[in-house]
Amino acid sequence: MALREIIILPDKRLRQVCEPVKTVDDQVRALMDDMAETMYDAPGVGLAASQIAVMKRVAVVDASRDEDEGERVKNPIFFANPEITWVSDEMAEYEEGCLSIPEFYELVERPAGCRVSYLDYKGKNREIECEGLMATVIQHEIDHLNGVLFIDHISKLKRDMVVKKFSKAKKRESAA
Ligand code: GNR
Ligand code: NI
């Protein structure tokens, strides 16, 4: 297992559409392991492969909030080729953040519940129904696999502001 570098806005790879995996083989499982390690280290509640510059439709989510003596209890769910098969009419608002847009948080409205079909760590076809934080995070991760970021769901004024801020920071960095 290895920690991978998380790429940040305005990296163009965050805007690319990821490719489905053919099968969940050992190489894909090694990617999943690295993604979990990187997510827990960050720390975050989800991570899409494109955030570590691997353009495959793979994501990991751990929206459980259990702690044991201050240690996070690890319960990662691995998704290959996730697809939303149903969304609720009911909507829910969460303050979202993204490891690729550090220290920026904004309210986003999404369907409160959804069903997702996917291949699990063993390559088995599964479908789950989610609500609460889990529903928000899996929708956020599937967006990533399609080159969509949570700032695409907020006002253009706020989006332009945050993109400008990160573009300036990148320019300063390359000038230094
Ligand atoms: O760690 C994360 N927290 C979070 C909070 C609210 C809604 C979505 C998320 S996902 C984010 C990690 C991340 O960037 N995943 O792509
Ligand atoms: Ni994100």
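Computation of the quantities below employed the complete heavy-atom set of this structure, encompassing side-chain atoms and omitting hydrogens, waters and symmetry-equivalent molecules. Remember, it's a predicted structure, so these values are computed and weren't measured experimentally. Ligands are counted one by one from 1 in listed order, and the atoms in each one are counted from 1 as well.
For residues 116-128, the side chain to side chain donor-acceptor pair (under 3.5 Å) pairs, not counting sequence neighbours, are D33-Y121, T85-E127, D120-R126.
Residue I8 holds its CD1 atom at 9.0 Å from CG of L14, rounded to the nearest 0.5 Å. The CD atom of E96 lies 11.5 Å from the CD1 atom of I151; values are rounded to the nearest 0.5 Å. Separation of atoms CE (M55) and CG (L145) is listed at 9.0 Å; rounding is to 0.5 Å. Here CD1 of I52 is found 12.0 Å from CE of M39. Values are rounded to the nearest 0.5 Å.
For atom 7 (C) of ligand 1, the nearest non-hydrogen atom of the protein is E96 CG, 3.4 Å. Among all non-hydrogen protein atoms, the one lying nearest atom 8 (C) of ligand 1 is H140 ND1, 3.5 Å. The protein heavy-atom contact nearest to atom 14 (O) of ligand 1 is L99 N, 2.8 Å. The protein non-hydrogen atom at the shortest distance from atom 1 (O) of ligand 1 is V45 N, 3.0 Å.
Side-chain contact between N81 and V21 is present, with at least one heavy-atom pair separated by less than 4.5 Å.
A donor-acceptor pair is defined here as one N or O able to donate and one able to accept, closer than 3.5 Å; no such pair exists between the side chain of D34 and the backbone of M1.
No N or O atom of E95 sits closer than 3.5 Å to an N or O atom of ligand 1. In terms of N/O distances under 3.5 Å, ligand 1 is not approached by S100. Residue-to-ligand polar distances keep L133 apart from ligand 1: every N/O pair is separated by 3.5 Å or more. Considering backbone and side-chain atoms together, C98 places no N or O closer than 3.5 Å to any N or O of ligand 1. Checked against a 3.5 angstrom limit, the closest N/O atoms of G46 and ligand 1 fall inside it. In terms of polar-atom proximity, Q51 is counted as a contact of ligand 1, with an N or O under 3.5 Å from an N or O of the ligand.
Taking every heavy atom of E141 and a limit of under 4.0 angstrom, the matching atoms of ligand 1 come to 10 (S), 13 (C), 15 (N), 16 (O). Near G44, meaning under 4.0 Å from one of its heavy atoms, ligand 1 places the atoms 1 (O). The atoms of ligand 1 that sit less than 4.0 Å from any heavy atom of G97 are 4 (C), 5 (C), 6 (C), 8 (C), 9 (C), 10 (S), 11 (C).
Not counting sequence neighbours, H153 has no partner by the ring-ring contact (aromatic ring centres under 6.0 Å, His included) test.
Its N, O or S atom nearest to the Ni ion (ligand 2) is what matters here, and for H144 that atom is NE2. H140 has its closest N, O or S atom to the Ni ion (ligand 2) at the position named NE2.
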Criterion side chain to side chain contact (heavy atoms under 4.5 Å, CB included) on I101 and V162, from CA distance to verdict:
CA-CA 9 Å; I101 314 173; V162 66; 3.9 Å; yes
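When only modelled atom types and interatomic distance are considered, N146 and R57 share a side-chain donor-acceptor pair under 3.5 Å.
Only the side chain of H144 comes within 4.0 Å of ligand 1, counting heavy atoms alone; its backbone N, CA, C and O stay farther away.
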